[in-house]
Amino acid sequence: MNTVQPDFASKSVPRHLARGALGFGLIIGAIALVPVVGPAALLVAPLALVAFRGCPTCWAVGLVQTVSRGRLERRCQDGVCSLAKAAP
């Protein structure tokens with residue numbers, strides 16, 4: 001049985017880090033602007049979820065997937081799966 005795992009990886013590490021900077025910047029900005037603009041500043045916070053493709057945890061999982069892409073592969077034999085170094 002082959003199940004499809006969610007993929008949160010980006011095409012490159014710099015692109016993934018840029019999405020993270022945007023997402024965290026939006027969250028920090030929304031919270032920091034509440035005293036100035038009021039609760040309406042929190043309306044930009046959902047845009048961070050778009051940048052993260054879900055939540056900050058999803059972004060962190062995607063970072064690990066992006067970094068390991070092409071270096072590690074999942075191998076399953078006789079019902080036992082393991083991570084192994086990818087063949088060149």
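Every residue two or more places apart in sequence or in another chain that forms a side chain to side chain donor-acceptor pair (under 3.5 Å) with S10 is listed here: H16, R19.
Looking at every heavy atom in both residues, A30 comes nearest to A41 through CB-O, 3.5 Å. Here the closest non-hydrogen pair linking F52 and G20 is CE2-O, 4.0 Å. The shortest non-hydrogen separation linking V67 to V13 is CG2-CG2, 4.0 Å.
Transitive grouping of hydrophobic side chains (ILVMFWY, heavy atoms separated by less than 4.5 Å) brings L63 and I27 into a common cluster. Hydrophobic clustering places I31 together with F24 (ILVMFWY residues linked when any side-chain heavy atoms are closer than 4.5 Å, directly or through intermediates).
Apart from V34 itself, the hydrophobic cluster it occupies contains L42, where clustering links Ile, Leu, Val, Met, Phe, Trp and Tyr at side-chain heavy-atom distances under 4.5 Å.
Put simply, the side chain of W59 does not reach to within 4.5 Å of the side chain of L49, judged on heavy atoms.
Screening residues 32-50 for side-chain hydrogen bond (donor to acceptor under 3.5 Å, both in side chains) gives no qualifying pairs among residues at least two apart or on separate chains.
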TODO: Evaluate side chain to side chain contact (heavy atoms under 4.5 Å, CB included) for L47 paired with L22, printing each intermediate quantity in order.
DONE: CA-CA 9 Å; L47 295 176; L22 177 65; over 6 Å; no
